[in-house]
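Heavy atoms only: backbone and side chains are in, while hydrogens, waters and symmetry mates are out. For clarity, every value in this text was computed on a predicted model and none was experimentally measured. Remember, it's 1-based here, ligands and their atoms both numbered in the order they're listed.
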Amino acid sequence: MLKAAFPGSFDPPTLGHLNIIRRAADIFDELVVVVAENRQKKYLFSAEERISMMKGLIADRKNVTVELCDSLIVDFLQKREIPLLVRGVRGVDDFSYEFELSMMNKALDSRIETIFMTTDPEYFVLRSSSIKELASFHGNVAGMVPPLVAEALAKKFK
Ligand code: ADP
């Protein structure tokens, strides 16, 4: 049984995140999407909102679940006995950041393996922060996020 976790802020979930989730769910027997809540970070959507959106988006995938993590991801993985971490990579900038993060996680627990998945080309420009900015100016985010998220963004910036 190969069990992996895909952590992130998902503030909000984008088609880029969903692409990674779909592909990872095809590879691993079980995938836990981990919605991170970091007290130092400011989010547009609350953890409850991000979890509820994510649950709605993955409802058709039987081997994908969604959980909250408000501690160190390494502690979360140890408690759940999940040895694999999936991270999406859009380009070299993402990779250098993700590489450092994986080194830090390895230093904390050498058993944890990070699997990098490159984005599919049509999603590589998608970034939650830019999508939020676009939505704040009432720009068209269809094609970047699923309809459920587009509606939630429109409500936030009404
Ligand atoms: P963070 O909280 O680390 O900024 P996000 O919540 O934005 O990360 O994303 C979670 C994971 O999804 C990260 O590994 C990030 O690199 C990846 N990701 C985000 N957008 C995309 C995309 N368009 N294509 C592939 N991976 C992505």
Practice item. Name all residues meeting the side-chain contact (heavy atoms from CB on, under 4.5 Å) criterion together with R127; count only those two or more places apart in sequence or in a different chain, and write none if there are none. Key: R90, D94, S129, S130
Less than 4.0 Å between a side-chain N and a carboxylate O, is that true for [Y] and [X]?
X    : Y    : value
K156 : E49  : yes
R50  : E37  : yes
R22  : D120 : no

Give a table of atom pairs where an N or O of ligand 1 lies under 3.5 Å from a protein N or O.
| unit_1 | atom_1 | unit_2 | atom_2 | d |
| --- | --- | --- | --- | --- |
| ligand 1 | 2 (O) | S9 | N | 3.2 |
| ligand 1 | 2 (O) | S9 | OG | 2.6 |
| ligand 1 | 3 (O) | R87 | NH2 | 2.9 |
| ligand 1 | 6 (O) | S9 | N | 2.6 |
| ligand 1 | 6 (O) | F10 | N | 3.0 |
| ligand 1 | 9 (O) | H17 | NE2 | 3.1 |
| ligand 1 | 14 (O) | R87 | NE | 3.3 |
| ligand 1 | 14 (O) | G88 | N | 3.0 |
| ligand 1 | 14 (O) | G88 | O | 3.4 |
| ligand 1 | 14 (O) | E98 | OE2 | 3.4 |
| ligand 1 | 16 (O) | G88 | O | 2.6 |
| ligand 1 | 20 (N) | R90 | NH1 | 3.1 |
| ligand 1 | 23 (N) | Y123 | O | 2.9 |
| ligand 1 | 23 (N) | L126 | O | 3.1 |
| ligand 1 | 24 (N) | T119 | OG1 | 3.0 |

Exercise for review: Show your reasoning for whether salt bridge (charged side-chain N to carboxylate O under 4.0 Å, His left out) applies to K41 and D11.
Suggested key: CA-CA 11 Å; K41 269 196 185 177; D11 186 38; over 6 Å; no
Check your understanding: Measuring from L85:CG to I115:CD1, what's the distance to the nearest 0.5 Å?
Key -> 9.0 Å
